[in-house]
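In what follows, a structure is listed as structure tokens, so that the remarks can point back to it.
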Amino acid sequence: MLLRRVLAVPKPLNFRLRRSLSVSSIIQPIRLIKYTFGTTIFTGLGFISYAVYESGPEWEKFRRTSYFWSHMIPVYLHYRYQQMYFQFFPTKTPAEEQQAWLSLHNKYCDYVMNVVLHQRGVYIKLGQIASTRPDIIPKTYLKKFAQLQDGVPAQPGEYARQMIEQAFGKPLEEIFSEFNPVAVGAATIGQAHEARLKGSNQSVVVKIQYPEVRRLFGLDFSTLKRFIKLAQPEHLPLFDEFEKGFQIEFDFRREARALDVIGRNIMPLYPNIVIPRPIPGMATEFVLVMEKLEGTKLVDALKVEQAKMAAAQGKTLEEFEQEMMAKYVSGELYREAKKKYTPSALIVNTYASLVRTINQIKNVCIFLYNHSIVPIMQRVPMDYIEQRVFINPHEIIDLLNDVHAHEILIDGIFNGDPHPGNIFLLKNGKIGLIDFGQVSELSLSQRLKLAKLIVLLAEGTKDELIQHYIAMGARTRNMNPYVIEKLARLGFDRDDPEICEGKNAQLFFESLGKLDEIIQLPEGYLMAARVGLLLRGLGTWIQLPHSTAQKWLPTAKQLLEKYKDVNESLLRESV
């Protein structure tokens with residue numbers, strides 16, 4: 001029998017392959033186990049080979065790379081599968097599809113957040129940006145990513161002590177009379193602690209950088225760029241610019257200089273803006289000491305006001321936010337914002353001054369009562385009336401846009417990271433701006449070109465806008481005028497449903513890349529576009545959607561008027 005088997009004519013390869021893959025053979029337990037085991041081994045070897053190829057010989061790089069890919073690829077594939085499934089098998093009602101997506105978001109929300117917190121660094125920065133866009137990011141993820149504004153787990157106090165003593169070369173007790181070992185905030189590249197300077201007893205904030213973030217910077221961006229190339233290749237030009245902007249955040253001495261320069265540029269012109277000053281001689285590469293601003297995050301203060309508005313309408317804050325977001329998606333909110341009457345700053349400030357005066361008079365009366373009637377008549381002392389800070393959201397949005405337009409177009413040096421966690425409402429009613437790590441600069445030539453783009457977006461014709469954006473460096477595979485115009489508007493004008501033709505801004509941008517592949521966006525302008533994006537995100541969050549071009553138009557005209565005799569020659573120069 002053995003000889004017969006040896007001499008038998010072998011079956012064709014395709015016959016053996018069909019037999020091995022046939023349904024009847026696959027369902028056999030032993031074959032099924034062998035097939036599953038072999039598939040798993042080959043897939044695992046392929047994944048390990050790719051991770052080793054990408055990360056290089058260092059074990060830490062391999063560990064981070066393999067962790068990211070092994071955790072995020074299944075998530076990506078599940079979302080893509082569900083998207084394709086609904087294309088071929090639509091649900092009977094939109095509510096059914098929404099429920100299916102909600103279940104998927106709930107399944108992966110905590111999972112993705114844990115990946116971000118595990119990787120830290122640039123992953124947290126991307127999460128912070130995502131948390132400012134309720135019009136793009138699902139609500140489930142939005143709430144989770146909001147924790148990244150200042151709720152990232154921090155390193156212990158002993159770690160902070162070591163970094164400070166290493167930076168200044170002396171014991172911590174010789175530098176500060178008080179030091180809070182519990183970080184008041186932690187985010188992308190470091191954490192912050194409250195302290196008091198020894199001698200002057202001045203309240204300060206101490207920023208401490210995580211040295212390992214810089215070491216892993218290149219690897220993390222390489223990994224993310226490969227993932228974006230797989231998942232959303234149309235975002236690669238944006239991500240390349242974002243990578244360049246992130247590199248400047250690692251030296252706190254540069255941030256100290258930026259705080260000083262921008263503070264001197266802005267605060268004399270805008271008395272309601274406060275930028276903390278760095279403490280002279282207390283800035284090193286990894287540690288920075290600056291003035292402490294007394295206040296709360298602007299979004300927290302605005303949420304209190306929104307809760308009052310919701311209560312007045314008999315709704316919960318969550319119901320109120322859902323209603324406003326539905327209006328945004330339909331475009332109704334943007335139309336209402338253009339028609340809605342906004343009290344002028346003079347009216348609001350006059351009213352606020354009147355209320356403060358009345359409260360001061362009441363507090364004087366309470367003081368007299370507590371120090372006369374109470375001790376004589378043995379009465380219970382009355383509490384003093386706390387002065388209320390009046391918030392005008394329209395005025396705040398206008399102020400933030402005016403300040404950043406001035407930084408970008410007039411001064412040419414600006415903070416590229418004004419996300420909500422970096423904007424404070426101070427106890428005196430002023431707006432505090434913190435975290436100037438991602439400061440960028442634009443040359444006069446770049447500023448003039450951007451100013452002309454702003455004017456064309458606000459007042460120009462479509463043809464003029466397209467020609468100018470191409471001159472600035474925009475390139476697509478087929479140079480489709482429709483795509484180029486939309487790219488310019490998404491960058492520096494609006495990304496509401498009207499511009500995005502009823503689509504989510506993220507999906508609309510993706511559709512533009514499919515219609516005409518995006519090769520290049522104007523180089524050097526991403527951080528300026530990001531400022532507009534973050535401020536629009538804040539506006540959307542507080543139900544005040546707006547056009548960046550319209551808000552920055554007066555400043556753009558001011559710059560072009562100032563250089564009207566030379567701007568054309570500068571505009572012809574390469575960026």
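Side chains are part of it too, since the values below use all heavy atoms of this structure and drop only hydrogens, waters and symmetry mates. The first residue of the sequence shown is numbered 1, and numbering continues consecutively from there.
The CD1 atom of I124 sits 8.0 Å away from the CE atom of M113 when rounded to the nearest 0.5 Å. With rounding to the nearest 0.5 Å, the separation of CD1 in I466 from OG1 in T461 is 8.5 Å. Considering CG of L400 and OH of Y270, their distance stands at 11.0 Å, rounded to 0.5 Å. The distance from atom CG of L512 to atom CG of L490, rounded to the nearest 0.5 Å, is 6.5 Å. Rounding to the nearest 0.5 Å gives a distance of 11.0 Å between CG of N480 and CD1 of I518. One distance of note links CG of L442 with CD1 of I413; it measures 10.5 Å at 0.5 Å rounding.
In this structure, K551 contributes its side chain and D398 its backbone to no donor-acceptor pair below 3.5 Å. Here the side chain of Q202 pairs no donor or acceptor atom with the backbone of L197 at under 3.5 angstrom. Although no hydrogens or angles enter the test, the distance criterion places no donor-acceptor pair under 3.5 Å between the side chain of H404 and the main chain of D402. No donor-acceptor pair under 3.5 Å is formed between the side chain of K462 and the backbone N or O of P481. Remark: side-chain polar atoms of Q446 are paired, donor with acceptor, to backbone N or O of S443 under 3.5 angstrom. A donor-acceptor pair under 3.5 Å is formed between the side chain of D496 and the backbone N or O of I499. At distances below 3.5 Å, not a single donor-acceptor pair connects side-chain atoms of E194 with backbone N or O atoms of V184. Remark: the backbone N or O of V287 is not paired with any side-chain donor or acceptor of Q209 at under 3.5 angstrom.
Side-chain polar atoms of Y469 and E485 form no donor-acceptor pair below 3.5 angstrom. The closest side-chain donor-acceptor pair between T548 and R494, if any, does not fall under 3.5 angstrom. Residues D493 and S547 bring a donor and an acceptor atom of their side chains to less than 3.5 Å of each other.
Nearest heavy-atom pair, A529 versus G491, reported as atom, atom and distance to 0.1 Å: CB-O, 3.7 Å. When every heavy atom of H193 is checked against every heavy atom of I208, the shortest pair comes out as CD2-CD1, 3.7 Å. Between M479 and A474, the shortest heavy-atom contact is CE-O, 3.9 Å. Minimum heavy-atom separation, R253 to A283: CG-O, 3.7 Å. Closest non-hydrogen pair, K449 versus H468, comes out as O-NE2, 2.9 Å. For the pair P278 and D260, the tightest heavy-atom approach, listed with the atom from each and the gap, is CD-N, 4.2 Å.
Counting only heavy atoms from C-beta outward, the side chains of N422 and F436 never approach each other to under 4.5 Å. In this structure, the side chains of L224 and V122 come closer than 4.5 Å at one or more pairs of heavy atoms. Within the 4.5 Å cutoff, the side chain of F509 has no heavy atoms near those of the D495 side chain. In this structure, K139 and K144 have side chains that are not in contact, with every pair of non-hydrogen atoms separated by 4.5 Å or more. Between M282 and L288, every side-chain heavy-atom pair lies at or beyond the 4.5 Å cut-off. In this structure the side chain of E441 never reaches within 4.5 angstrom of the side chain of F414, judged on heavy atoms. Between M163 and Y210, the closest side-chain pair of non-hydrogen atoms is not below 4.5 Å. Proximity of P420 to K297: side-chain heavy atoms (C-beta onward) are nowhere separated by under 4.5 Å.
Exactly one of T555, N401, D411 qualifies for a side-chain hydrogen bond (donor to acceptor under 3.5 Å, both in side chains) with H406. That residue is D411. Applying the side-chain contact (heavy atoms from CB on, under 4.5 Å) test between W552 and each of L457, I408, L453 identifies I408 as the sole match. None of L259, V204, L433 except one satisfies the side-chain contact (heavy atoms from CB on, under 4.5 Å) rule with P276; the exception is L259.
Ion pair R489/E498 not flagged as a salt bridge, since none of the NZ, NE, NH1 or NH2 atoms sits closer than 4.0 Å to an Asp/Glu carboxylate oxygen. K292 has a carboxylate O that lies under 4.0 Å from a charged side-chain N of E294, or vice versa, which qualifies the two as a salt bridge. Residues R530 and D417 are paired through a salt bridge, judged by an N-O separation under 4.0 Å between the basic side chain and the carboxylate.
Judged by the 6.0 Å distance and 45° axis criteria, K207 is positioned over the aromatic ring of F252.
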Which is it for E459 and K557 under the side chain to side chain contact (heavy atoms under 4.5 Å, CB included) test, yes or no, and what are the steps along the way?
-> CA-CA 11 Å; E459 301 178 343; K557 287 183 174 180; 2.8 Å; yes
List the steps, then state whether side chain to side chain contact (heavy atoms under 4.5 Å, CB included) holds for I164 with V206.
-> CA-CA 9 Å; I164 293 170; V206 186; 3.9 Å; yes
Apply side chain to side chain contact (heavy atoms under 4.5 Å, CB included) to V112 and F145, showing your working.
-> CA-CA 10 Å; V112 172; F145 287 165; 4.2 Å; yes
Show your reasoning for whether side chain to side chain contact (heavy atoms under 4.5 Å, CB included) applies to I423 and L538.
-> CA-CA 10 Å; I423 303 172; L538 176 62; 4.2 Å; yes
Residue pair E517, R475: steps toward the salt bridge (Lys or Arg N to Asp or Glu O under 4.0 Å) verdict = CA-CA 9 Å; E517 182 185 354; R475 296 288 183 274; over 6 Å; no
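For an aromatic pair to be called close, the ring centres must be under 6.0 Å apart, and Y141 with H105 satisfies this.
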